[in-house]
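For reference, the structure discussed in these notes is given below.
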Amino acid sequence: MIAKVIVDVPTNQTDRPFDYEIPEKFISIIEPGMRVIVPFGPRKIQGFIVSVEEQSELKSLKKIIDVLDITPVLNEELINVGFWLTDKTLCFAISAFQVMLPAALKVKVQKDIVVNAGRENDLPEQIANKFSSGKSLPWDELMNDKEDIALIKQLLKKDIVTVRYNVKDRKQEKTVIFITPAISLEKLREEVKKLDRAKKQQEILQYFIEGGEETTVIQLCDRLGTTRSTIKALVNKQLLIEKEVEVYRDPFQEREFTKSNPLPLTTEQAKVLEPILTSIEDKKHETFLLHGVTGSGKTEVYLQAIDKVLRDGKEAIVLVPEISLTPQMVLRFKGRFGSKVAVFHSGLSQGEKYDEWRKIHRGEVKVVVGARSAVFAPFTNIGIIIIDEEHESSYKQEDNPRYHARDVAIFRGDIHQCPVVLGSATPSLESFARAKKGVYHLLSIAERVNETAMPEVDIVDMREELRQGNRSMFSEALLEKLKDRIAKKQQSVLFLNRRGFSTFVMCRECGFVVECPHCDLSLTYHRKSHAMKCHYCNFEERVSDLCPSCESEHIRFFGTGTQKVEEELAKVLPGARVLRMDVDTTKRKGAHEKILQAFGDQNADILLGTQMIAKGLDFPNVTLVGILAADTMLHLPDFRAAEKTFQLLTQVSGRAGRHKLLGEVVIQSYTPEHYSIQYASKHDYLGFYDAEMQMRYRLGYPPYYFVTLITVSHPNVVKAANVCEKIVSYLNNNLSDKSILLGPVVSPIARIKDRYRYQCMIKYKVESNLVSSLREIVKHYNKDIHNDRLQISIDLNPYMLM
DNA sequence: AGCACGCCGACT
DNA sequence: GTCGGCGTGCTC
């Protein structure tokens, strides 16, 4: 029996299965999807078994060294999903497997130097003392000394020492130690008498004699006011025993969930739920696009569909964008389905993620709520996959494997023959176009649940404000309304799509702009740390008072960030209580929740924030939403700029007036006539869709064309340009003449982390040998990628064009 | 990725 | 002559 193994060496040449002999002792336990340790060259590494076969075409095989799992970590379906990903995103099979599993399941390889038996006395003195503790020495401890390395190499040759590969599993189950009596209670009573000099020990035994149940060490210490050492003494006397019990790290341990029941549905909700239930009933794969305005109660539809799935004994996956994975969101699911829910988000530690994964793997939960990667949940009987806010770009992973969770969901939905529900108030153009074509089943909800009207939207032309002499960042209208809300004790939300204090710092004398020395980007000023920061490479420097170029004093801040707005607010509305929420104020664990809690408790009048306040917030007392600069994203070099602007404006506007009080929205813009702003102000998705589709048609972008972006980067500009140039000409010769090739051009961000970047774009409708051509390119440059710091990144269907 | 193998220049 | 520099190619 042999096993085909994908080894953990992410390179082009090793991106294929390797054959290994299965030793006798493993034959009965080995299955595809298990992790194994295999010899690879002189090393020992991790690998995944992808299949087990009778024999190999090769004559001599090495043997599998060890098996790391009792049950496969990847089931047959997920192995297939892995290979499918490999093909769809041009990634290595090993990367595909690893992205589907929690990081804790990736082993760590450590190299040790071991003294051979009987050769201890042959060690030279200078090194012998390093071996003092035991007979092995971690390789890393020698790495800083060149002489040592040379010496060890000699010793290796002389067979005095050998290198041992230590493979350690990172995964670690959390355990708690329980204490119970080791002997019967009668005997314990006798023993107590003998301990008349150890009062604390007697107390502990007395606790058990009086029928105290087994508890953890910590609880025992707590209850009896004793210490660990006292308990240990009794354990040593063999009167008590320690029992190690495995527990889950539960991030929601201390929270109580009030049980919620299904809410009565509105006519519209019931109407969209119907076909989803039918699809579950018929065990048929179908993709639904649920288009429901903000506040239309999409979540309740999801909950009731999941309920049906659970009653059928199946499982459900719910994806939500990372930023809306707030405790409130989790609460809704845990409230309805209790302990059957696992939650995945980036805030969990490695161990916590592993525990949540294990609950799914063991079948202890039936529902998973999580961000992008939760789409790989190892369920075996999926009944529904839901993607909320399906237009969100965070569903696309921006490093390898560059997959889109939506594609994975639909692929898995097909395997499991279950419905996939894509929900959004502002569906992506791609999805809506597919729904219109009948590829997806379109479902719409036009009314808000409590029949509140959509908020009134007021667009303010900031150019006009300037002409009127208002140079502040708040228009007259917005300021008046803010004052009005404070007077009425109602709350407002202010949205600005930019953190920090100001966008860039420029010298008014000579025009010098402070830029990052490693990236071709201007640095952003952060007031609190009084530093200039690069948002791409984290470069940081102190602010200078003089222009670094001409030493003029006229160095000024331009643009606006959340920090600056906060300061301005304090000036124009001195009494207002403002809460700021952005990456900088929510870094600490739980900070996010705290801010929202404070706002919900009416401890502030104004919530000021970036992206992260755009989603899911639902505060009844919010009646005003102000969008300070609606056009910040509009002029980015991205064909989705208008779409993203429309989506964001609509999402943010949706935060206002969700309950009894009518809401109002003020949009400040320098280009108020732009169709994305106009349609957003009228809450007109369909109008926007039509206008944007015309634009995409004219310019040849998705959904009319598929797009692939190739970015070439290298520390040397010429090299980067040359390679990109050659790639374009290769593609020109190999792709059909119906496809359009753009480039090579300098990337919109010409340099990041000292690497120059060139890119080209392929636009195509059908291109059957695109993937093979791209693989050919990567293969051709393999050597340069390996030895010459060349990078070629290929993104089939990119969401980031910079 | 890592590691061995192998072919050239600068030294005991 | 040999040590060690790095380019090349392989790993079941």
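Letters A, B, ... mirror the listed sequences (proteins, then strands); counts begin at 1.
Among the atoms of the strands shown, only primed sugar atoms or phosphate atoms (P, OP1, OP2) are found under 4.0 Å from some heavy atom of A:Tyr20. Among the heavy atoms of the strands lying under 4.0 Å from A:Pro39 are primed sugar atoms or P, OP1, OP2 only; no base atom is included.
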(request) Evaluate salt bridge (Lys or Arg N to Asp or Glu O under 4.0 Å) for A:Lys62 paired with A:Asp19, printing each intermediate quantity in order. (result) CA-CA 8 Å; A:Lys62 289 189 182 174; A:Asp19 295 357; over 6 Å; no
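Comment: A:Arg751 engages A:Asp754 in a salt bridge, judged by a side-chain N to carboxylate O separation of less than 4.0 angstrom. We find that A:Asp795 and A:Lys396 are joined by a salt bridge, their nearest charged nitrogen and carboxylate oxygen being less than 4.0 Å apart. Salt bridge annotation for A:Lys353-A:Glu356: absent, with no cationic side-chain nitrogen under 4.0 angstrom from a carboxylate oxygen.
Remark: A:His404 pairs with A:Tyr799 by the ring pair (Phe, Tyr, Trp, His ring centres under 6.0 Å) rule, at least two apart or across chains. When the ring pair (Phe, Tyr, Trp, His ring centres under 6.0 Å) test is applied to A:Tyr764, the partners found at least two apart in sequence or on another chain are A:Phe706. Applying the salt bridge (charged side-chain N to carboxylate O under 4.0 Å, His left out) rule to A:Glu53 yields no partners; only residues at least two apart in sequence or on another chain are considered. Shown here are the salt bridge (charged side-chain N to carboxylate O under 4.0 Å, His left out) partners of A:Glu315, two or more places apart in sequence or in another chain: there are none. Residues satisfying the side-chain hydrogen bond (donor to acceptor under 3.5 Å, both in side chains) criterion with A:Gln417, sequence neighbours excluded, are A:Asp414. Partners of A:Lys44 according to the side-chain hydrogen bond (donor to acceptor under 3.5 Å, both in side chains) rule, which considers only residues two or more places apart in sequence or in another chain, do not exist here. Every residue two or more places apart in sequence or in another chain that forms a salt bridge (charged side-chain N to carboxylate O under 4.0 Å, His left out) with A:Arg640 is listed here: A:Glu430.
With a 4.5 Å cut-off on side-chain heavy atoms, A:Gln46 and A:Lys106 count as touching.
Contacts between residues 778-788 of chain A and DNA chain B, defined by a heavy-atom separation under 4.0 Å, are made by A:His786. Of the residues in residues 43-60 of chain A, those placing a heavy atom less than 4.0 Å from an atom of DNA chain C are A:Leu58, in numerical order. Sorted by residue number, the members of residues 4-16 of chain A with any non-hydrogen atom under 4.0 Å from DNA chain C read A:Gln13, A:Thr14, A:Arg16.
Read 5' to 3', the first and last nucleotides of DNA chain B with an atom closer than 4.0 Å to a heavy atom of chain A are B:dA1 to B:dC3.
The ring-ring contact (aromatic ring centres under 6.0 Å, His included) contacts involving residues 48-82 of chain A comprise A:Phe48-A:Phe97, where partners must be two or more places apart or lie in separate chains.
Taking atom CZ on A:Phe40 and atom C1' on C:dT11, their separation rounds to 4 Å, with Å as the unit.
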